[in-house]
Amino acid sequence: MNFNTFYQEIAQNRLSHWLNTLPAQLTHWQKQELHGEFLQWQKTLDALPKTTPSSINLQDGVIVGEKNDINEGEFKRIENLLRKFKPWRKGPYHIHGLHIDTEWRSDFKWDRLLPHISPLKNKYVLDIGCGSGYHLWRMRGEDAKFVVGIDPTQLFFTQFNAIQHFVNDNQVHLLPLGVEHLPELNAFDTVFAMGVLYHRRSPIDFLYQLKAQLVKGGELVLETLVVDGDENTVLVPGERYAKMRNVWFLPSCDAMCAWLSRCGFSNIRVVNTDVTALGEQRKTDWIDTESLEDFLDPIDQSKTIEGYPAPKRAIFIANK
């Protein structure tokens, strides 16, 4: 995996100071941290046919080309190869008429937040914990100038590169890093952190890490699981929450606002709350695993299978 295109791009923009640390980190990653299946995934990527999409629409979805841009053999080959990257969690994607029906309808979340955020036109944007990068493409579709996602999960990195193979946009990048690998860049106009905070053992440290990526006055868009209650209400679940092991803190909206204030953010507001519906997270033939319906109490779907309140998400916006 070659990151030279990314290095060349940032050498010429406001992220050039990242070159002081990033190449060494990614070289170490390539030598020491590759997933056991990574080389096989790379071979599958390399087998994807080259296509010439008649159109690319990133504003209304992630829609690349049409089916009649390619022949039937190419279509079947693309479908067969992309299915090797299951499970596909975040999407959906439409590649030359192939509908990758992902577990999550991530477009629903995008539609909820888009009316509330500052315009992304000509902005430098960072998405932390971006999964396979669905929202990176939607950010680019809103005319963001330069879009960077980070996520340490190597299958997601591979899925992103599969979509990038067809879109071929050198202003959109995903790096296989966690937030703890980021220096204080102070360079992004907007930082997104969606579905990540509850996986962090120290949410306050995480908020400071987010703040350190923003320019002065920049905008944080944070989405996380929340519970009902006052500013002192925080749920710390047991070993599992909705069958997830690594869930640490679920604050109330008021508590989350207090945390953001304590970390020095201003203009803090809750712009949306939404109970996750079965139509937004569900089993499809692109995942082969359990999904939301399996994580809820079969008798009372207002509770998780462990008895906690069912997943409710809120979107917060704040400024540095």
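On a predicted model such as this, the values are computed, not experimentally measured, just so you know. Residue numbers run from 1 in the order of the sequence given.
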Exercise. Taking the six-membered ring for Trp, are the ring centroids of Tyr93 and Trp286 within less than 6.0 Å of each other?
Worked result: no
For this session: Grab the two heavy atoms, one from Gln154 and one from Trp41, that are nearest each other, plus how far apart they are.
Result: C-CZ3, 3.8 Å
Exercise. Are Trp88 and Tyr134 close enough that their ring centers fall under 6.0 Å?
Worked result: no
Problem set entry | Side-chain ion pair, Glu290 and Lys283, N-O less than 4.0 Å | no
For this session: May I ask you to establish whether Lys67 and Phe75 are in a cation-pi arrangement, using a distance under 6.0 Å from NZ or CZ to the six-membered ring centre and at most 45° from the ring axis?
Result: yes
Exercise. Which heavy-atom pair separates Phe295 from Lys243 by the least distance, and what is that distance?
Worked result: CD2-CD, 3.8 Å
Problem set entry | Geometric class of the Phe38/Phe157 ring pair [parallel <30°, tilted 30-60°, perpendicular >60°] | parallel
For this session: Answer yes if the ring centres of His199 and Trp248 are under 6.0 angstrom apart, and no otherwise.
Result: no
Exercise. When rounded to the nearest 0.5 angstrom, what is the spacing between CD1 in Ile56 and CH2 in Trp137?
Worked result: 8.5 Å
For this session: Using the salt bridge (charged side-chain N to carboxylate O under 4.0 Å, His left out) rule, collect all pairs that involve residues 190-213, keeping only residues at least two apart or in two chains.
Result: Glu180-Arg200
For this session: Taking the six-membered ring for Trp and the single ring otherwise, decide whether the centroids of His181 and Trp29 are under 6.0 Å apart.
Result: no
Exercise. Is the shortest side-chain N to carboxylate O distance from Glu142 to Arg138 below 4.0 Å?
Worked result: no
Problem set entry | Candidates Arg112, Lys109, Arg105 - the one meeting salt bridge (charged side-chain N to carboxylate O under 4.0 Å, His left out) with Glu280 | Arg112
Exercise. Which residue pairs pass the salt bridge (charged side-chain N to carboxylate O under 4.0 Å, His left out) test when at least one of the two sits in residues 151-177, sequence neighbours left out?
Worked result: Arg140-Asp169
Exercise. Going from CG on Asp69 to CD1 on Ile95, what distance comes out if it is rounded to the nearest 0.5 angstrom?
Worked result: 11.5 Å
Problem set entry | Arg89 bridged to Glu103 by N-O distance under 4.0 Å | yes
Exercise. Rounded to the nearest 0.5 Å, how far apart are SG of Cys257 and CZ of Phe265?
Worked result: 12.0 Å
For this session: Supply the atom-to-atom distance Thr52 OG1 to His96 NE2, rounded to the nearest 0.5 angstrom.
Result: 7.5 Å
Problem set entry | Aromatic ring proximity, centroids under 6.0 angstrom, Phe3 and His173 | no
Seminar exercise, completed: Asp288 meets the salt bridge (charged side-chain N to carboxylate O under 4.0 Å, His left out) criterion, sequence neighbours left out, with Lys86
